[in-house]
Amino acid sequence: TTNLDVVDIDGAVDMASTLAVAGVVTANAGVVVDTITIDGSDIAATGSLFLDSDGGSIYMSDGGTDIGLFSLASQDLTIRNLVSDKDINFQGNDGGSNFTALSLDMSDAGNATFNNHVNVGDGKAFITGASSDFQMYHSSGANVLHTTVSDADMTFKGNDGGSTIT
């Protein structure tokens, strides 16, 4: 066994055993481990890249501040913006143009704004109310407005020159 403070090698090194390092390893040209390459701020894999956290949480941070969280509880996936009143946006690219397809406004309890149509299949309903009180759907060639509350009135309102009409 030889203890050296500095080892300078110009060429390849082949080790037949485990390399134990007590200090920091600096690799300015990147590090390759199996099929994963880490070079600067990029992590690349020649196959699939898996993030596996036994704690059930994967955080996204910027400058040491936690910004976003992917977490699991009872196998339910939660996506959370950790910054107060900041939105969650789902974006895409259509023919070279970037757009926001859906925005969830966290300063308004998650109010959802869709950039385009919301399509549901035949017999599938738009439902409101804590007990599914009102439903709107298309089924068997009929457009249906349905209230499930017994003896409830259905009121249609409009605006005529700034005045509400029913």
Side-chain angles (χ1 to χ4, degrees), residues 1-139 148:
T1 300
T2 304
N3 292 324
L4 303 171
D5 289 333
V6 175
V7 176
D8 190 0
I9 301 171
D10 292 328
V13 175
D14 218 350
M15 299 194 124
S17 186
T18 302
L19 173 64
V21 179
V24 174
V25 175
T26 301
N28 291 326
V31 177
V32 176
V33 179
D34 292 331
T35 60
I36 299 173
T37 302
I38 303 171
D39 190 5
S41 60
D42 295 333
I43 299 175
T46 57
S48 298
L49 181 64
F50 294 89
L51 300 177
D52 186 353
S53 169
D54 283 341
S57 298
I58 298 173
Y59 289 86
M60 290 182 294
S61 301
D62 184 16
T65 301
D66 292 336
I67 304 295
L69 170 65
F70 292 89
S71 64
L72 291 173
S74 300
Q75 297 183 332
D76 291 329
L77 175 64
T78 299
I79 300 171
R80 185 186 316 164
N81 189 337
L82 298 173
V83 180
S84 181
D85 295 336
K86 289 298 184 180
D87 299 343
I88 295 176
N89 297 306
F90 293 86
Q91 297 183 339
N93 184 305
D94 184 7
S97 297
N98 296 322
F99 66 96
T100 300
L102 169 62
S103 182
L104 303 176
D105 185 348
M106 296 303 143
S107 65
D108 191 15
N111 181 42
T113 302
F114 291 86
N115 186 41
N116 207 330
H117 305 287
V118 176
N119 297 308
V120 296
D122 283 349
K124 306 298 181 195
F126 169 76
I127 299 173
T128 64
S131 299
S132 301
D133 302 332
F134 176 74
Q135 302 174 9
M136 180 173 56
Y137 56 94
H138 175 84
S139 179
T148 62

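Start at 1 with the first residue, then count along the sequence. These numbers come from the heavy atoms of this one structure, side chains and all, not from hydrogens, waters or symmetry mates.
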Inset, instruction - Name all pairs fulfilling the side-chain hydrogen bond (donor to acceptor under 3.5 Å, both in side chains) condition that reach into residues 99-118, sequence neighbours left out, sorted by first residue then second. - result: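 Listed by first then second residue: Asn89-Ser103, Gln91-Thr100, Asp105-Ser107.
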Legend entry - Residue pairs fulfilling side-chain hydrogen bond (donor to acceptor under 3.5 Å, both in side chains) with at least one residue in residues 58-72, sequence neighbours excluded: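 Counting only pairs at least two positions apart or across chains, the side-chain hydrogen bond (donor to acceptor under 3.5 Å, both in side chains) contacts touching residues 58-72 are Ser61-Asp66.
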Legend entry - Residues that Asn98 engages under side chain to side chain donor-acceptor pair (under 3.5 Å), provided they are two or more places apart: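 For Asn98 the side chain to side chain donor-acceptor pair (under 3.5 Å) partners, ignoring immediate neighbours, are Asn93.
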Inset, instruction - First locate atom CG of Leu77, then atom CG of Leu72, and finally report the distance between them rounded to the nearest 0.5 Å. - result: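 One gets 6.0 Å once the value is rounded to the nearest 0.5 Å.
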Legend entry - Nearest-0.5 Å distance, CE of residue Met106 to CG of residue Asp85: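 With rounding to 0.5 Å, CE (Met106) is 10.5 Å from CG (Asp85).
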According to side chain to side chain contact (heavy atoms under 4.5 Å, CB included), who are the partners of [X], at least two apart in sequence or on a separate chain?
X: Ser97; answer: none
X: Val25; answer: Val21
X: Val33; answer: Val31
X: Val83; answer: Ile67, Asn81, Lys86

Listed pairs under 3.5 Å, donor-acceptor, residues 118-133 side chains, sequence neighbours left out:
none

Legend entry - Heavy-atom pair with the smallest gap, counting every atom of Leu104 and Leu102: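 Taking every non-hydrogen atom into account, CD2-CD1, 4.0 Å.
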Tabulate below the donor-acceptor pairs under 3.5 Å that side-chain atoms of residues 44-58 make, not counting sequence neighbours, or state none.
{"from": "Ser53", "atom 1": "OG", "to": "Gly55", "atom 2": "N", "distance (Å)": "3.4"}
{"from": "Ser53", "atom 1": "OG", "to": "Ser57", "atom 2": "O", "distance (Å)": "3.0"}

Inset, instruction - Would you indicate whether the side-chain heavy atoms of Ile43 and Ile36 approach each other to under 4.5 Å? - result: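 A side-chain contact exists here, since the closest heavy-atom pair is under 4.5 Å.
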